[in-house]
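Working notes, structure below.
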Amino acid sequence: MNVNQLRILMELQALQGFNSSKQTNTSNPLFQELLAGLVSESPSSSYQVTEGLGAVASQEPYISALQTDTLTAAALPPLKLTKFAETSKSDFDDLIQKASDLFNVPVNLIKSVIKQESNFNPNAVSHAGASGLMQLMPDTAKGLGVENIFDPAENIFAGVKYLRQMMDRYGDNIELALAAYNAGPGNVDKYGGVPPFRETLNYIKKVTSSFMA
């Protein structure tokens with residue numbers, strides 16, 4: 001772990017202080033996992049969520065496996081559903097930049113995904129139950145260590161972490177990573193590329209158009 005990564009984590013810890021006066025961020029599973037992953041610098045230190053976050057993927061099991069000996073999605077504490085006051089999209093710039101630095105995902109790609117997923121509404125909930133800025137499914141969010149799915153910091157860092165996992169899986173191919181984010185890597189593998197789902201095709205087109213603009 002380098003000094004810059006440690007600084008980002010410490011700043012994230014401070015930023016999340018408003019979440020609850022009764023909860024310290026060092027007790028947050030997502031924060032602990034990010035710190036442990038950076039300290040060990042080992043792929044096995046991260047939980048690997050294997051399903052997508054979009055409405056297509058929500059029709060499948062959300063998590064096929066968590067790479068841990070003792071912890072399962074069912075054993076994780078229930079998500080908090082505390083919504084946050086309305087904010088402007090510029091309020092999330094610092095969190096997006098920190099997530100970008102930590103996971104090496106372009107800032108504009110993160111913003112494009114958030115724009116398509118929730119239009120920067122931290123309280124957004126889809127018909128399928130995906131919630132928050134990056135529209136995490138509840139079980140997916142738990143698997144990524146999220147406690148409050150509507151907390152902008154937790155939602156962004158978990159969503160970007162998952163997007164980074166998909167980029168790693170598909171050799172930094174953004175189209176395939178976005179297809180997996182929306183429809184699940186199982187469908188990407190099944191079809192040997194972008195699945196022929198109208199929602200997924202439109203999703204990729206809109207996100208990439210915004211990203212390249």
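Residue indices begin at 1 and follow the sequence shown. Being a predicted model, the structure only gives us computed values, none of them experimental.
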Any salt bridge linking Lys142 with Asp139? Criterion: basic side-chain nitrogen under 4.0 Å from a carboxylate oxygen.
yes
Working to the nearest 0.5 angstrom, can you tell me the gap between Ile114 CD1 and Phe92 CZ?
8.0 Å
Closest non-hydrogen atom pair, Ala128 against Met137
O-CE, 3.3 Å
Are the side chain of Asn155 and the backbone N or O of Ser131 linked by a donor-acceptor pair below 3.5 Å?
yes
Could you list the residues that satisfy side-chain hydrogen bond (donor to acceptor under 3.5 Å, both in side chains) with Asp189, not counting sequence neighbours?
Arg169, Tyr170
Could you check whether any side-chain N or O of Thr140 sits under 3.5 Å from a backbone N or O of Leu136, counting only pairs where one atom can act as donor and the other as acceptor?
no
For the residue pair Thr200 and Ala183, what are the closest heavy atoms and their distance?
OG1-CB, 3.5 Å
Closest heavy-atom contact between Val113 and Met134?
CG1-CE, 3.8 Å
Nearest 0.5 Å, please: how far is CE in Met167 from CG in Leu178?
8.5 Å
Atom pair CD1/CG of Ile149 and Leu144 - distance to nearest 0.5 Å:
10.0 Å
So which atom in Pro122 and which in Phe150 form the shortest heavy-atom distance, rounded to 0.1 Å?
O-CD2, 3.2 Å
Quick one: pull up NZ in Lys98 and CG in Asp101 and give me the separation to the nearest 0.5 Å.
8.0 Å
What closest approach, in Å, do Ala130 and Gln135 show between heavy atoms, and which atom pair accounts for it?
O-OE1, 3.2 Å
So, Asp151 side chain and Ala153 main chain: donor-acceptor pair closer than 3.5 Å or not?
yes
So, taking the atom named CD in Gln97 and the one named CG in Leu102, what distance separates them when rounded to the nearest 0.5 Å?
11.5 Å
Walk me through it: do Asn121 and Leu133 pass the test side chain to side chain contact (heavy atoms under 4.5 Å, CB included)?
CA-CA 6 Å; Asn121 177 6; Leu133 288 165; 5.8 Å; no
If you look only at distance, which donor and acceptor atoms sit under 3.5 Å apart when one is on a side chain in residues 103-111 and the other is two or more places apart or in another chain?
{"unit_1": "Lys111", "atom_1": "NZ", "unit_2": "Asp93", "atom_2": "OD1", "d": "3.4"}

Do Phe197 and Asn187 touch side chain to side chain, with heavy atoms closer than 4.5 Å?
yes
Listed partners of Ser210 passing side-chain hydrogen bond (donor to acceptor under 3.5 Å, both in side chains), at least two apart
Ser112
Here the gap from Ile174 atom CD1 to Tyr181 atom OH, rounded to the nearest 0.5 Å, amounts to 14.5 Å
Distance-only side-chain donor-acceptor flag, Glu117 / Tyr203, under 3.5 Å:
yes
Counting distance only, does the side-chain N/O of Glu154 pair as donor-acceptor with the main-chain N or O of Glu147 below 3.5 Å?
yes
Heavy-atom closest pair (Ala99 atom, Ile156 atom, distance to 0.1 Å) is CB-CG2, 3.9 Å
